[in-house]
S.K.: 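Mind looking over this structure? Questions follow.
In what follows, chains are A, B, ... by sequence order, proteins preceding strands, each numbered from 1.
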Protein chains: 2
Amino acid sequence: MDIKTTCLGVLMLGAASGYEIRKSFEEGPFSHFAEGGFGSIYPALTKMTQEGLVTCTAHQQEKRPAKKVYQITDAGWTHLETAMRDKIPGEDKIKSDLLFMLFFADWQSPERIARVIDARIAFYQQKLDEMADCGTQFDTISGRSLVLGYGIAVFQASLDYLVANREAFIEVAGQAQPPLLHAAE
Amino acid sequence: MDIKTTCLGVLMLGAASGYEIRKSFEEGPFSHFAEGGFGSIYPALTKMTQEGLVTCTAHQQEKRPAKKVYQITDAGWTHLETAMRDKIPGEDKIKSDLLFMLFFADWQSPERIARVIDARIAFYQQKLDEMADCGTQFDTISGRSLVLGYGIAVFQASLDYLVANREAFIEVAGQAQPPLLHAAE
DNA sequence: CCAAGTTATATCAAACCGATATATTTATTC
DNA sequence: GAATAAATATATCGGTTTGATATAACTTGG
């Protein structure tokens, strides 16, 4: 799913500016399964306007730069529908600097391991609170509410694992010396 | 964590070829938290050889192209250590075409929803089997074994949620018509 | 004995990311 | 009440990454 299609998905919930689309990826209803920064969103919106997948209306504001509000068109909906149909979606793509770091916990200091785990525990607790709040707005079950539930389930599992294994991670930390590469081989 | 650093991490487990590094990302011990294709791995290895972060030994084979085996150097280890130290790691980056699609389940056919969910359930079951096997090789607890456990916990939560909500997803499917955009606004 | 899959490296255009620049309003702190 | 920080808002650009493609020989199963 490329950035264009992802933006169209956000616009299905209502007209929005580039800035608002970005927020959807960072803290909104798409935040636990989509990514995208300004550097990809703005060019995508410009190109889609040219292609007729969205329309752009400039809302003049007194002294701020004009807010450009984008709205999905019928052609945009067709594009979105085509992208979602037929093909079985591929594996989720996950990049985790935390897990990469914890993989090598043995070579790091217990203090550092404790710090990064505690930070992540706090993050998940806050995120889960926000998501629970967000869930109260649904009175009927929908794809949207079920996908939110999925995110909550996965984040909760991550949080639980970190809480349950915090001590174990700290215990393995510092147990290995920085490797003597030539000796090891 | 850029592709260079990620490759160095793989090489910490032992010397490997570009092809083997790729396999680590696709099915090996890094597969649930790292990504990278040939198009990024080969250039990264070439550049790191020039920079002295890895050494390259060509293992001549009779009629195949020479297998280039890369080994991390002391400078490489220093680079890896520096990248992992100090900074609190940022949020995990997750891109899920499945969740994007399920978000709009209401507009899709129940048959399609059933098909994609069943495919993902089968995928997680197989992956979890493999990971459980992989776990038996650890006789002591380490960063590596704990990170594997993390992956298992998260994948299990995903699987459980899909199994528990398969019927709910299918029920919401087809309940909405393709939106009449102009009428809606 | 043939098709399909695995091992193995390599390139390239297109897409994407992260950092940076700019400018005003709103909120918070001293 | 002034100063500082944070939020709103668009935009660009260099560097990195992705995904597709090419090549070639060996291995495995039917």
S.K.: Which comes earlier along DNA chain C counting from the 5' end, the contact point of B:F38 or that of B:K93, where each point is its nearest nucleotide?
M.R.: B:F38

S.K.: Who are the salt bridge (Lys or Arg N to Asp or Glu O under 4.0 Å) partners of B:R22, not counting sequence neighbours?
M.R.: B:E26

S.K.: Quick check: on DNA chain C, is the nucleotide nearest B:G18 upstream (toward 5') of the one nearest B:K95, or the reverse? Name the residue that is more 5'.
M.R.: B:G18

S.K.: Counting only non-hydrogen atoms, which of residues 39-46 of chain A are less than 4.0 Å from DNA chain C?
M.R.: A:G39, A:S40

S.K.: Taking the side chain of A:E20 as heavy atoms from C-beta outward, which of D:dT18, D:dA9, C:dA10 is closest to it?
M.R.: D:dA9

S.K.: Between B:V10 and B:Y70, is there a side-chain heavy-atom distance shorter than 4.5 Å?
M.R.: no

S.K.: What is the distance, rounded to the nearest whole Å, between atom NZ of A:K47 and atom C1' of D:dT12?
M.R.: 14 Å

S.K.: What class does the angle between the rings of B:F155 and B:H32 fall in, given that below 30° is parallel, 30 to 60° is tilted and above 60° is perpendicular?
M.R.: perpendicular

S.K.: Can a salt bridge be assigned to the pair B:E51 and B:K4 using a cut-off of 4.0 Å between side-chain N and carboxylate O?
M.R.: yes

S.K.: With respect to the phosphate group of C:dT7, does any side-chain polar atom (N or O) of B:Y19 fall under 4.0 Å of OP1 or OP2?
M.R.: yes

S.K.: Closer than 4.0 angstrom, basic N to acidic O: yes or no for B:D97 and A:K93?
M.R.: no

S.K.: Looking at C:dA10, I'd like to know if its phosphate oxygens (OP1 or OP2) sit under 4.0 Å from a side-chain N or O belonging to B:K67.
M.R.: no

S.K.: Check the surroundings of atom CG in B:L159: do more than 12 heavy atoms from other residues, nucleotides or ligands lie under 6.0 Å from it?
M.R.: yes

S.K.: Five pairs per end, C1' atoms only: what is the angle between the end axes of the helix from C:dC1-D:dG30 to C:dC30-D:dG1, to 10 degrees?
M.R.: 60°

S.K.: Does a side-chain N or O of B:K23 approach OP1 or OP2 of C:dT6 to a distance below 4.0 Å, or not?
M.R.: no

S.K.: Contact class for A:K4 vs. all strands (heavy atom < 4.0 Å): base, sugar-phosphate, or nothing?
M.R.: nothing

S.K.: When you check the side-chain N and O atoms of A:T6 and B:K95, is any donor under 3.5 Å from an acceptor?
M.R.: no

S.K.: Just by distance, with hydrogens left out, do B:Q125 and B:D129 show a side-chain donor and acceptor under 3.5 Å apart?
M.R.: no

